[in-house]
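Reviewing the structure listed below.
Reckoned from all heavy atoms, side chains included, excluding hydrogens, waters and symmetry mates.
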Amino acid sequence: MMIAIIFVLAAIPLGVFTSGGMPTYRIIVPAVILMQLYLIRCFRNVQMLMILTLYLQIYFLYLVPYFYFGIELSQYSEFQNPVYFGKIAFLFYLFYTGLVCSACKPFNPSRIALCRLIRITTPRYKQVLYLLFLFVALGLVLRQGQNVLTAEVDSYGVYIENLDNTNSLPLFYILFLMIGHYVIADWRWRKLLTVVLIVMLTGYCVTRGFRMILAPTGLLIFMLFVDQRIRTRTVLLLFGLGFVALILVNSLKMSLSFSLDGMFSEGQHDYIVAHHADNLYVAAAGMGMLDSGSIAFFDRVLLNLGFLAETIIPPGTLPDALKYPHLITHTVSTGGGGLFVMGAYLMWGYVGICIFGFLLGEFVRRTYQYRKPLLAIICAILMVFAPRWISYDFHIILRFSFLAFVIYLLLCPPRKFS
């Protein structure tokens, strides 16, 4: 409790000084790293949440070469402003502070795995129909995109074509597969079919260069087969190996040799243009647009409306003014991605980011406490798709949760809720 109070109280002067343009990163950077180490200890019984914080920490650590070594993030220069990046560092601080506040109470003292909290009881004919649906949907997924490993021309060009010509079905398929694992009643068939489908999906991600689909797939594997079966140090090791695997997939799509510089900077040596750096630059562009008045109060209200609307309305049908990061990336020149901390700040302000971190931690803690299947499914969505909503589509925390709720209703009528 005392640690949380200290970080909360420190946020007030840090916010004032950061908004004034002072170099508060000298305090914020070590503070966030210390909070990460503290949360590893607090979340040792909730390994999925621990991985979520570690994944977010990777983005934060890309600020270190910017602040301490003067290396610019992204190839764009318009918003390379230390004041903007200082404010982004403070957003990380606020989110971590919220998580630290939620960690005042113990998480999952019984050390039960998240996958054991999910139960779906449905008639056999629904099991058969859902299994057929999984195979048909996988066939549709595998038909999308071209193989970047066997491309006769520039593999990066093929990768860009894959992004342009591939819809969101591969991402949705991970959700369908996660639920499908529990639809199959026989545990032997369940494991066999899940492994087969995951292997095929993993091969698809690697051959198309889709890192941001491979990451949730890896987390799904961890949740179903590894969670709470290994020690914390092993989790940290596996996370490191997983991060390296994502870097290698990136190198394959970029047609690069596996040199250290190439893998981390995508072929550039004077500035970092990796995916993580682009995400940070998009956030800096958002700060710059706020500073110039390009994003006004009414625009932030519209983002809240769009955030709710994307729960049931396809994002492609909504105007850019209702969507983050489109409000930024379709207005100024930036790379890809959109960090959720910036989206949360635009919608809810400084206090909202801290509250969101606290509510996320509280929801996960209460999921283990109450052990309700529907809560566990939503919690699994937040954990498995963390790489996606952290760095690209913040709205999927509502959209996928709503879709999972609908699927659960179809498979388990209300009288079978437990």
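For the residue pair R371 / S110, a side-chain donor-acceptor distance below 3.5 Å is found, with atom types taken as modelled. Q127 and T122 are not linked by any side-chain donor-acceptor pair at a separation below 3.5 angstrom, with hydrogens and angles left out of the test.
Here the shortest heavy-atom pairing between A380 and M178 reads CB-SD, 3.8 Å. Annotation for R119 and Y408: closest pair O-OH, 3.7 Å, computed over non-hydrogen atoms. T334 and A285 get closest at one heavy-atom pair: CG2-CB, 3.9 Å. The nearest pair of heavy atoms linking S294 to D299 is O-OD2, 3.6 Å. The two atoms that bring Y324 and G343 nearest to each other are CZ-N, 3.4 Å, heavy atoms only. Shown here for A4 and C104, the closest heavy-atom pair between the two residues is CB-SG, 3.7 Å.
When the side chain to side chain contact (heavy atoms under 4.5 Å, CB included) test is applied to F358, the partners found at least two apart in sequence or on another chain are C101, S102, E362. Checked against side chain to side chain contact (heavy atoms under 4.5 Å, CB included), A404 has the following partners two or more places apart in sequence or in another chain: L175, I179, I377, I381.
At a threshold of 4.5 Å between non-hydrogen side-chain atoms, the residues F298 and L302 count as touching. At a threshold of 4.5 Å between non-hydrogen side-chain atoms, the residues Y392 and H275 count as touching. Counting heavy atoms from C-beta on, the side chains of L91 and L339 never come closer than 4.5 Å. Inter-residue side-chain proximity for Q228 and L114 is flagged as unmet; no heavy-atom pair is nearer than 4.5 Å. Side-chain contact between I88 and L280 is present, with heavy atoms from C-beta onward closer than 4.5 Å. Here the side chains of F385 and I397 are not in contact, with every heavy-atom distance at 4.5 Å or above. At least one side-chain heavy atom of L197 sits less than 4.5 Å from a side-chain heavy atom of F135. Contact check for L61 versus I33: side-chain heavy atoms found under the 4.5 Å cut-off.
Within 6.0 Å of atom CZ in R229, more than 12 heavy atoms from other residues, nucleotides or ligands are found, so the atom counts as buried in its surroundings. Summarising the local packing, CZ of R111 is surrounded by more than 12 heavy atoms from other residues, nucleotides or ligands at distances under 6.0 Å.
A distance-only check finds no donor-acceptor pair linking the side chain of N162 to the backbone of T166 [under 3.5 Å]. Under the 3.5 Å distance criterion, the side-chain polar atoms of D320 are left unmatched by any main-chain donor or acceptor of L327. In terms of modelled atom types and a separation under 3.5 Å, the side chain of Q47 and the main chain of D227 share no donor-acceptor contact. Side-chain atoms of R44 come within 3.5 Å of backbone N or O of R41 as a donor-acceptor pair. R190 places a side-chain N or O within donor-acceptor distance of the main-chain N or O of H181, the cut-off being under 3.5 Å. Of the possible donor and acceptor atoms, none in the side chain of Y96 sits under 3.5 Å from a partner among the backbone N and O of G357. Using a distance-only test at 3.5 Å, with no hydrogens or angles considered, no donor-acceptor pair links the side chain of D393 to the main chain of I396. A donor-acceptor pair is defined here as one N or O able to donate and one able to accept, closer than 3.5 Å; no such pair exists between the side chain of K87 and the backbone of M287. The backbone N or O of L410 lies less than 3.5 Å from a partner atom in the side chain of K126, making a donor-acceptor pair.
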Next item on the list: Any chance you could lay out the side-chain hydrogen bond (donor to acceptor under 3.5 Å, both in side chains) test for Y204 and Q144, step after step, and finish with the verdict?
Entry: CA-CA 9 Å; Y204 170 81; Q144 299 190 39; 4.8 Å; no

Notebook entry, point to check: Is there a side-chain hydrogen bond (donor to acceptor under 3.5 Å, both in side chains) between D291 and Y84 once you walk through the steps?
Noted result: CA-CA 9 Å; D291 191 47; Y84 298 155; 3.3 Å; yes

Next item on the list: Show the numbers, then the answer: is there a side-chain contact (heavy atoms from CB on, under 4.5 Å) between R399 and F307?
Entry: CA-CA 9 Å; R399 191 180 186 195; F307 184 67; over 6 Å; no

Checklist line | Working for side-chain contact (heavy atoms from CB on, under 4.5 Å), residues M223 and I51 | finding: CA-CA 11 Å; M223 186 194 81; I51 292 175; over 6 Å; no

Note to self: Show, in sequence, the C-alpha distance, side-chain angles and deciding distance for L134 and Y130, and conclude whether the side-chain contact (heavy atoms from CB on, under 4.5 Å) test is met.
What the structure shows: CA-CA 6 Å; L134 284 179; Y130 197 92; 3.8 Å; yes

Next item on the list: Kindly determine whether F79 and S74 satisfy side-chain contact (heavy atoms from CB on, under 4.5 Å), including the steps that lead there.
Entry: CA-CA 10 Å; F79 299 101; S74 182; over 6 Å; no

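Relative ring orientation between Y62 and H276 is described as parallel, the plane-to-plane angle staying below 30° on a 0-90° scale split at 30° and 60°. Under the 30°/60° scheme for interplanar angles, the aromatic rings of F394 and F340 are found to be tilted. Taking the six-membered ring where the residue is Trp, F85 and Y66 present tilted rings, their angle falling between 30° and 60°. Between F356 and W348, the angle of the ring planes lies from 30° to 60°, which puts this pair in the tilted group.
How far CG of L322 is from CG of L305: 7.0 Å, rounded to the nearest 0.5 Å. Atom CD1 of residue I40 and atom CG of residue L49 lie 11.5 Å apart, to the nearest 0.5 angstrom. One finds the CG atom of L171 at 4.0 Å from the CZ atom of F400 (value rounded to the nearest 0.5 Å). With values rounded to the nearest 0.5 angstrom, F222 atom CZ is found 10.5 Å from C115 atom SG.
In summary, of the residues considered (Y93, Y25, F90), a side chain to side chain contact (heavy atoms under 4.5 Å, CB included) with T18 occurs for F90 alone.
A cation-pi contact links R300 to Y345, judged by a cut-off of 6.0 Å to the six-membered ring centre and 45° from its axis.
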